[in-house]
Colleague: 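Here it is, the structure, as structure tokens.
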Amino acid sequence: MSSLVDIKSLTADELKTFLTENNFKPFRAKQVEDWLKKGVLTFDEMKNLPSDLKEFLETRCYISVANIEKKLVSRYDKTVKYLFALRDGEYVESVVMSYKHGYSICVSTQVGCKMGCTFCATGKSGFSRNLTASEILAQIESAQRDLNVRISNVVLMGMGEPLDNFDNVVRFLRIVSSEQSLNIGARHITLSTCGIVPKIYELAKLNLQINLAVSLHAPNDEIREKTMPVAKAYPMDTLLKACRDYFEATGRRVTFEYALISGVNDSDADARELSQRLKGQGCHVNLIPVNSVEGTGYQKSDIKRQQSFVNILAENNIAATVRRTLGSDINASCGQLKRNFVNKEDK
Ligand code: SAH
Ligand code: SF4
């Protein structure tokens with residue numbers, strides 16, 4: 001028999017087709033959806049379904065889960081970090097942040113990552129597998145259920161490179177923004193990428209109206225290549241052009257992420273060079289003091305350096321903010337919890 005169908009990764013139309021092709025009435029799709037939306041974890045809980053349909057679903061499908069393995073709550077700002085266990089025993093992390101305008105979740109898109117950025121805990125742990133659309137969704141649902149709140153913003157900035165898992169991520173984006181699912185509008189979703197240029201063009205073609213964030217972290221290729229191996233495949237000029245083209249195609253401004261690493265990319269000269277490179281780009285720069293990850297040797301820039309960097313960008317009319325770091329006491333930078341947890345388990 002063919003492998004089981006991941007029912008929560010189906011769009012509403014696909015679910016309807018799947019059921020009608022197997023001789024069930026189209027209205028059953030809506031009933032199944034309603035149960036899935038309620039967060040049932042077994043088909044047996046779908047009380048108003050006839051037993052033949054329940055049996056069919058049980059033998060042919062499965063429901064993805066993200067079970068809370070570990071939960072940390074920050075003493076300072078109520079940021080919550082989850083380590084979720086997936087169906088096959090793999091782990092991923094999510095972080096829920098509370099802002100004035102509501103709750104925001106940072107979700108993972110892969111178990112691990114192939115990109116190998118030297119400052120990143122996920123990058124240092126290697127790659128295991130892609131997440132399915134339903135596994136990305138399950139992180140939001142589990143957090144909502146646990147906290148008993150509605151999450152209104154999603155950032156794809158957890159473990160993994162979203163554009164390296166393109167089809168599942170796009171499927172997730174379509175499902176999560178649909179009324180049948182969590183109904184989180186595209187404008188409330190941000191996808192962050194390390195800069196896989198051909199995939200940025202592919203994404204632009206879909207015109208999804210999501211926010212795109214690009215991890216730049218350097219003012220030139222020489223520095224970028226030292227921390228981000230992907231820079232060797234896609235030089236900065238090509239990447240910045242892709243961002244301009246993305247803006248032109250979608251009308252959505254691109255944000256650049258720039259982790260300030262002491263002595264690596266945070267000098268005044270770096271700030272001036274970055275300003276020159278970003279002139280006319282119509283962008284916003286998010287400066288983040290790097291989270292130090294064990295074994296990397298990187299330290300965050302001190303406050304004075306951060307301020308000097310942001311001032312130089314401002315003098316050059318580049319919109320930039322130093323992002324406050326949430327959950328600093330719980331290693332809220334993704335990849336760190338899993339690393340600590342799994343390393344301890346190994347011992
Ligand atoms: N793979 C994607 C999204 C996940 S990483 C990407 O790289 O954009 C999410 C963000 O966290 C990226 O901007 C990444 O560069 C940043 N990041 C990773 N490790 C970090 C660290 N130790 N300190 C600060 N930011 C970090
Ligand atoms: Fe992967 Fe992003 Fe980490 Fe780089 S920063 S290793 S792309 S998760």
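FYI, side chains are in, hydrogens and waters are out, and symmetry mates aren't considered; it's all heavy atoms of this structure. Here, residue 1 is the first one in the sequence, and each next residue gets the next number.
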Colleague: Show every donor-acceptor pair shorter than 3.5 Å between a side-chain atom in residues 192-200 and any protein atom, with sequence neighbours excluded, or say none if there are none.
Modeller:
unit_1: T193; atom_1: OG1; unit_2: E161; atom_2: OE2; d: 2.8
unit_1: T193; atom_1: OG1; unit_2: G195; atom_2: N; d: 3.0
unit_1: K199; atom_1: NZ; unit_2: E202; atom_2: OE2; d: 3.3

Colleague: Would R87 and Y62 count as a cation-pi pair here, with the cationic atom under 6.0 angstrom from the ring centre and within 45° of the axis?
Modeller: yes
Colleague: Please list, chain by chain and in numerical order, all residues satisfying salt bridge (Lys or Arg N to Asp or Glu O under 4.0 Å) with D268, sequence neighbours excluded.
Modeller: R305
Colleague: If you round to the nearest 0.5 Å, how far is CZ of R272 from CD1 of I312?
Modeller: 5.0 Å
Colleague: List for me each residue that meets side-chain contact (heavy atoms from CB on, under 4.5 Å) alongside A233, sequence neighbours excluded, and say none if there are none.
Modeller: none
Colleague: According to salt bridge (charged side-chain N to carboxylate O under 4.0 Å, His left out), does anything in residues 21-31 pair up with another residue at least two apart or in another chain? List the pairs.
Modeller: K30-D34
Colleague: Per the side chain to side chain donor-acceptor pair (under 3.5 Å) rule, what does the pair list look like for residues 225-237, sequence neighbours excluded?
Modeller: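 Listed once each, the pairs are D237-R277.
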Colleague: Please round to the nearest 0.5 Å and tell me the distance separating atom CG of L19 and atom CZ of R60.
Modeller: 10.5 Å
Colleague: Looking just at side-chain N and O atoms, do T132 and D6 make a donor-acceptor pair shorter than 3.5 Å?
Modeller: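 The criterion, which ignores hydrogens and geometry beyond distance, is satisfied for D6 and T132.
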Colleague: Just by distance, with hydrogens left out, do R252 and N211 show a side-chain donor and acceptor under 3.5 Å apart?
Modeller: yes
Colleague: Quick check against the 3.5 Å criterion: does N22 have a side-chain atom that pairs as donor or acceptor with the backbone of F18?
Modeller: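 Answer holds: yes.
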Colleague: Can a side-chain donor-acceptor contact be found between N67 and E69 if the only test is distance below 3.5 angstrom?
Modeller: no
Colleague: Do H217 side-chain atoms and A259 backbone N/O form a donor-acceptor pair below 3.5 Å?
Modeller: yes
Colleague: Quick one: salt bridge (charged side-chain N to carboxylate O under 4.0 Å, His left out) pairs with a partner in residues 162-172, sequence neighbours left out?
Modeller: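 Passing the test, one end in residues 162-172: E14-R171, K114-D164.
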Colleague: How would you list all residue pairs meeting salt bridge (charged side-chain N to carboxylate O under 4.0 Å, His left out) that involve residues 99-111, not counting sequence neighbours?
Modeller: none
Colleague: Picking from V290, V214, N265, what satisfies side chain to side chain contact (heavy atoms under 4.5 Å, CB included) with Y258?
Modeller: N265
Colleague: Decide side chain to side chain donor-acceptor pair (under 3.5 Å) for S74 and D77; before the verdict, give the C-alpha distance in whole Å, the side-chain angles of both, and the deciding distance to 0.1 Å.
Modeller: CA-CA 6 Å; S74 167; D77 52 34; 3.2 Å; yes
Colleague: Can you tell me which residue pairs pass the ring pair (Phe, Tyr, Trp, His ring centres under 6.0 Å) test with a partner in residues 24-54, sequence neighbours excluded?
Modeller: F24-F56
Colleague: Are K38 and E45 close enough for a salt bridge, meaning some N to O gap below 4.0 Å?
Modeller: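 Looking at K38 and E45, the cut-off is not met.
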Colleague: Mind checking salt bridge (Lys or Arg N to Asp or Glu O under 4.0 Å) for E141 and listing every partner two or more places apart, or none if nothing turns up?
Modeller: K8
Colleague: Run the side-chain contact (heavy atoms from CB on, under 4.5 Å) test against N168 and tell me which residues pass, sequence neighbours left out.
Modeller: N130, N165
Colleague: With sequence neighbours left out, what residues match E273 under salt bridge (Lys or Arg N to Asp or Glu O under 4.0 Å)?
Modeller: none
Colleague: Would you say OH of Y103 has more than 12 non-hydrogen atoms from neighbouring residues, nucleotides or ligands within 6.0 angstrom?
Modeller: no
Colleague: Applying salt bridge (Lys or Arg N to Asp or Glu O under 4.0 Å), can you list everything that pairs with D245, at least two apart in sequence or on another chain?
Modeller: K241
Colleague: What's the spacing between L182 CG and I140 CD1 if we round to 0.5 Å?
Modeller: 5.5 Å
Colleague: Got a salt bridge between D266 and K300, using NZ or NE/NH1/NH2 to carboxylate O under 4.0 Å?
Modeller: no
